[in-house]
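Here the structure comes first, spelled out in structure tokens, and everything after it is commentary.
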Amino acid sequence: MDKFTSLSDVGDPSGLLALAKEAQLNPHGWASLGKGKTLCLLFLNPSLRTRLSTQKAAQLLGMEVMVMNINQDGWKLEFEEGVVMDGDKAEHIKEAAAVIAQYCDLVGIRTFPSFKSREEDYSENLLNAFIEYCGIPVVSLESATRHPLQSLADWLTIETFKKSQRPKVVLSWAPHPRRLPQAVANSFLEWMRVADVNLHIAHPQGFELSDEFTNGIPIHHDQQSAFQGADFVYTKNWSSFHNYGETLYPNKDWEITLEKLGNASFMHCLPVRRNVVVADEVLNSSQSIVIPQAGNRVPAAQAALIQILQNL
Ligand code: AN0
Ligand code: CP
């Protein structure tokens, strides 16, 4: 694998899942694979899990890791071509990415959508500029439209907890006071298509995701009927794709409660706002598997890094 930014970068998704399972059971099994190699993790946006789990995964593989909150600690970056840089942006991505590549062998970058233009965000202009100018393998730490490290961990979690061969999995929208990206939801759908699951989507009218990700998957506007017989309810807020960036809040009707959940396990990528997205009673119950789900970010990141290291 020469980069890890979407499912399409992965030649054999089931093979990658199997590798993540191996790493889950035997985290120290590749302790010298990354010896002498350096990973640089660059964050243009906040992170807890992605930052720590990817760092931990790289360390388990024997790599050196450098982490930088590039927006806060570096020079403000210009991504546009041909601009006169006489404003507040002191460095162009062309130099910054090429320089970073002088210091490391692999690089991870987090670039949330700008919400200025749907076309620009969905073209992945920031991530692609970085890939082009750094010239070394890039791992997405969540981009404008996808979060593949999360999705691989989600798949591993469902595989670990499922009690039937083909569980029913429902991706449900839930309320949130801020305008959030569609990336986690898009990516979850992209990866669940290759998983052996009965996949459904539930969201209020007007919160359709891009057809590119939802095509052919049953969509419900009645959350309760969507949850009937569900084994896993994967909850996430996203802002509107069609009225790009629009939010719907407050809306208690879509908050996840134990009563709505039935016997399903509750999943969320975290961070999650208690008693907004999901009631305390759910997160405090044994039906919530969000902590092992977050734990699975480590073997998922190990699997992605192993496949890139093997190709270096
Ligand atoms: C981000 C999002 O919704 O994409 C990151 C989730 C992993 N969440 C927030 O900004 C709260
Ligand atoms: N789930 C996830 O990616 O969390 P962070 O934003 O804290 O990295």
Side-chain angles (χ1 to χ4, degrees), residues 4-6 20 39 41-58 65 67-72 108-115 118 121-122 124 126-127 139-158 171-191 203 207 209-210 213 234-241 244-250 254-256 266-278 283 288-305:
F4 186 70
T5 64
S6 98
L39 171 68
L41 300 176
L42 301 170
F43 289 89
L44 281 93
N45 316 95
S47 169
L48 186 158
R49 281 142 290 271
T50 306
R51 178 175 175 147
L52 297 183
S53 63
T54 312
Q55 192 167 347
K56 167 92 182 179
V65 190
V67 185
M68 186 172 182
N69 297 323
I70 193 161
N71 248 10
Q72 284 166 30
I109 185 161
R110 170 166 281 200
T111 57
F112 281 1
S114 66
F115 284 115
R118 185 174 80 188
D121 287 344
Y122 271 71
E124 293 284 9
L126 302 191
L127 177 67
V139 175
S140 164
L141 305 174
E142 187 176 342
S143 67
T145 67
R146 288 171 174 85
H147 193 357
L149 285 173
Q150 180 68 53
S151 307
L152 179 57
D154 297 339
W155 189 12
L156 179 61
T157 306
I158 288 171
L171 169 67
S172 179
W173 185 93
H176 196 284
R178 298 272 166 83
R179 173 176 67 182
L180 294 190
Q182 292 116 29
V184 170
N186 287 343
S187 206
F188 183 69
L189 295 175
E190 183 167 82
W191 285 73
H203 61 68
F207 283 78
L209 292 161
S210 163
F213 295 97
Y234 191 102
T235 305
K236 181 71 184 79
N237 170 270
W238 59 85
S239 58
S240 172
F241 173 75
Y244 194 58
E246 197 179 274
T247 53
L248 177 60
Y249 187 79
W254 282 75
E255 182 180 335
I256 309 295
F266 174 79
M267 296 179 72
H268 191 286
C269 63
L270 305 180
V272 72
R273 290 182 184 236
R274 283 174 170 256
N275 305 311
V276 172
V277 172
V278 56
L283 286 170
S288 170
I289 56 172
V290 298
I291 304 303
Q293 181 184 355
N296 283 336
R297 293 293 304 273
V298 176
Q302 270 184 284
L305 293 174

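None of the values given here were measured: they were computed from a predicted structure. Both ligands and their constituent atoms are indexed starting at 1 by order of listing. Along the sequence shown, residues carry numbers from 1. Just so you know, these numbers use all the heavy atoms, side chains as well, and skip hydrogens, waters and symmetry mates.
- Under the 3.5 Å distance criterion, with hydrogens and angles disregarded, a donor-acceptor pair is assigned to the side chains of Asn69 and Arg51.
- In this view, Tyr249 satisfies the ring-ring contact (aromatic ring centres under 6.0 Å, His included) rule with no residue, not counting sequence neighbours.
- A donor-acceptor pair under 3.5 Å is absent between the side-chain atoms of Ser239 and the main chain of Arg179, judged by distance alone.
- Ring planes of Trp173 and Trp254: perpendicular class, angle over 60° (limits at 30 and 60°).
- Residues forming a ring-ring contact (aromatic ring centres under 6.0 Å, His included) with Phe213 (at least two apart in sequence, or on another chain): none.
- Under 4.0 Å from any atom of ligand 2, one finds heavy atoms of residues Ser47, Leu48, Arg49, Thr50, Arg110, His147, Gln150, Cys269, Leu270, Arg297.
- A donor atom on one side chain and an acceptor atom on the other are found under 3.5 Å apart for Asn296 and Thr157.
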Please produce the table of protein N or O atoms sitting under 3.5 Å from N or O atoms belonging to ligand 1, one pair a line, distance to 0.1 Å.
residue  : atom  : partner : partner atom : Å
ligand 1 : 3 (O) : Lys236  : NZ           : 2.7
ligand 1 : 4 (O) : Glu142  : OE2          : 2.6

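- With Thr50 as reference, Arg297 is the one residue of Glu142, Arg297, Gln150 to meet the side chain to side chain donor-acceptor pair (under 3.5 Å) rule.
- Between Tyr244 and Phe241, the angle of the ring planes goes over 60°, which puts this pair in the perpendicular group of the 30/60° scheme.
- Taking the six-membered ring where tryptophan is involved, the planes of Tyr234 and Phe188 are essentially parallel, since the angle between them stays under 30° and well short of 60°.
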